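Everything on this sheet refers to the single structure shown next.
Values below: all heavy atoms of this structure, side chains included; hydrogens, waters and symmetry mates excluded. Remember, it's a predicted structure, so these values are computed and weren't measured experimentally.
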Amino acid sequence: MQPALAEAPDDLNIAVILSAGIESGWDGTLIDSLERVKNEKPHGLDISWTYTDPLWGDDAGDAMRLFADSGEYDIIWAHSTYSDQVKKMKDEYPGILFVVVGSGNEGLGGNQYWVYKRVHEAGYVLGVMAGKLTKSNTLGVVGTFPADDVNDEINAFFAGARSVNPDIKQKVAFIESWYDPGKASEMTSAQISTGADIIFSLAGNFKPCEEAGIFCFGNFSDNHSYSPSTVVSSALAVWDPDVKWIVDEWWDHKANGTPYGGNTDIVWHGMADGGSNIAPYHALADAVPAEVKAEVENTVAGIKSGALQVPLDTSAPASN
């Protein structure tokens, strides 16, 4: 006799611990992906979620415990570096699937899953565009922190630029914060003053680009609306394949009794998997020459087909 399978669930409730708020590209793009996956109804599930204000440290741990103790949530998705908090409670709640995201986490396995987001392939594509569009051959990047999943994108951007323009010089600065508009403005202006005529801003302040009348690129979400006259495109984070992976793992556990098998090594979904992309040109479409658009399209196609492998370089980038 085969053991009876558990009754398949028909709904899924997710508690989301945010780190920066839904206005940020990091958190906002996750909520967008949850909405898209909800509409697809994987396994016929009715998916709902609750998200917190930005929380860190003990506050984040307290929120996770409240969600777990309520008995109402199947997945606790802690959307940044929270493995220290999950480590203290995951074994107390073996039926809950915990998710941590990005660099700085520890792969704990079991009922903790480790989602990673690399958008370096999209950064490479933007670099190709920048390498073709620049007139000064000097490109600037303003980053947040020099973390693994920030460095990869910056290095890929310059690699893409040099693939079409070997004379590129690079300017790199970090604001050492996830959000500091004043410092982002200061560092962007400094790069422009040293000759950068295109800025890739991971820090989200485009005012200096507007004042200088130069092009910028945005990051993680489509930043065009923030500065329609300067943001040509953006590197996009798309969490749909990550959310579907986690939903499938939870479903298999609940419906089939399969033990959770959280990953201890980094898992990420690339451009070919639908995990990243670049934003449309929007109102600046006519400002991008046809031959540059063709180069960009060929680069994206090469990455998606596997013909072009974008180097993964997580070393700390610097100006030259």
Side-chain angles (χ1 to χ4, degrees), residues 25-26 28-30 32-37 39-40 42 101-103 114-133 139 141 148-166 168 198 200 202 215-224 231-249 263 265-282 284-285 287-314:
W26 176 263
T29 50
L30 171 66
D32 291 342
S33 287
L34 284 170
E35 193 67 48
R36 286 191 293 269
V37 174
N39 292 335
E40 291 182 18
V101 183
S103 60
W114 186 8
V115 169
Y116 223 77
K117 181 55 63 182
R118 294 200 183 279
V119 294
H120 70 298
E121 293 168 327
Y124 185 94
V125 176
L126 296 183
V128 168
M129 196 188 312
K132 286 287 192 179
L133 291 175
L139 305 178
V141 175
D148 170 286
D149 46 0
V150 174
N151 296 345
D152 62 347
E153 188 177 0
I154 296 173
N155 289 325
F157 174 75
F158 289 120
R162 291 195 177 93
S163 74
V164 295
N165 184 346
I168 290 297
I198 295 177
F200 183 18
L202 283 66
F215 287 149
C216 285
F217 296 113
N219 190 52
F220 251 74
S221 59
D222 188 345
N223 293 164
H224 179 76
V231 178
V232 184
S233 185
S234 303
L236 301 181
V238 185
W239 303 91
D240 299 39
D242 308 286
V243 172
K244 291 175 183 177
W245 169 45
I246 295 301
V247 170
D248 286 347
E249 290 290 308
N263 55 307
D265 295 321
I266 292 170
V267 171
W268 59 278
H269 295 91
M271 186 174 278
D273 307 311
S276 66
N277 209 335
I278 63 167
Y281 302 112
H282 296 294
L284 293 176
V288 181
E291 61 271 20
V292 176
K293 292 177 182 174
E295 187 82 40
V296 167
E297 290 172 6
N298 289 338
T299 303
V300 171
I303 294 170
K304 289 185 175 180
S305 71
L308 173 59
Q309 298 289 325
V310 176
L312 178 58
D313 180 1
T314 61

Exercise: identify the closest heavy-atom pair between G25 and S221
CA-OG, 3.8 Å
Could you please spell out the steps behind the side-chain hydrogen bond (donor to acceptor under 3.5 Å, both in side chains) verdict for T314 and N151?
CA-CA 5 Å; T314 61; N151 296 345; over 6 Å; no
Heavy-atom donor-acceptor pair, N219 side chain to L202 backbone, under 3.5 Å:
no
Using side-chain contact (heavy atoms from CB on, under 4.5 Å), reason through L308 and M271 one step at a time and then give a plain yes or no.
CA-CA 11 Å; L308 173 59; M271 186 174 278; over 6 Å; no
How close do A130 and I198 get, heavy atom to heavy atom, and via which atoms?
O-CD1, 3.7 Å
At their closest point, which heavy atom of A272 faces which heavy atom of I303, and how far apart are they?
CB-O, 4.3 Å
Kindly say whether G270 contributes a backbone atom to a donor-acceptor pair with the side chain of D273 at under 3.5 angstrom?
yes
In Å, rounded to the nearest 0.5 Å, how long is the span from CZ of F215 to CG of L139?
13.0 Å
Residue pair N155, H120: steps toward the side-chain hydrogen bond (donor to acceptor under 3.5 Å, both in side chains) verdict:
CA-CA 8 Å; N155 289 325; H120 70 298; over 6 Å; no
Quick one: closest heavy-atom pair of P241 and G274, and the distance?
CD-O, 3.7 Å
Would you give the length of the straight line joining atom CG of L312 to atom CD of E121, rounded to the nearest 0.5 angstrom?
9.0 Å
Evaluate the ring planes of F217 and F200, with Trp represented by its six-membered ring, and classify them as parallel (under 30°), tilted (30 to 60°) or perpendicular (over 60°).
perpendicular
Measure from the side-chain N and O atoms of W239 to the backbone N and O of K244, and report whether any donor-acceptor pair falls under 3.5 Å.
no
Determine yes or no for a side-chain-to-main-chain donor-acceptor pair under 3.5 angstrom, with D148 supplying the side chain and S103 the backbone.
no
Value rounded to 0.5 Å, distance of OG in S163 from CZ in F158:
13.5 Å
CZ on R118 to CD1 on I266, rounded to 0.5 Å:
5.5 Å
Shortest non-hydrogen separation from P42 to V37 and the atoms involved
CD-O, 3.3 Å
Short side-chain to backbone donor-acceptor contact, S234 and N223, under 3.5 Å
yes
Chi angles and distances behind the side-chain hydrogen bond (donor to acceptor under 3.5 Å, both in side chains) call for Y116, N263:
CA-CA 11 Å; Y116 223 77; N263 55 307; over 6 Å; no
Check K117 with D152, please: is the shortest side-chain N to carboxylate O separation under 4.0 Å?
no
Between K293 (side chain) and A285 (backbone), is there a donor-acceptor pair under 3.5 Å?
yes
Could you pull out the closest heavy-atom pair between Y124 and A159, with the gap in Å?
CE1-C, 3.8 Å
Distance from D222 atom CG to T29 atom OG1, nearest 0.5 Å?
11.5 Å
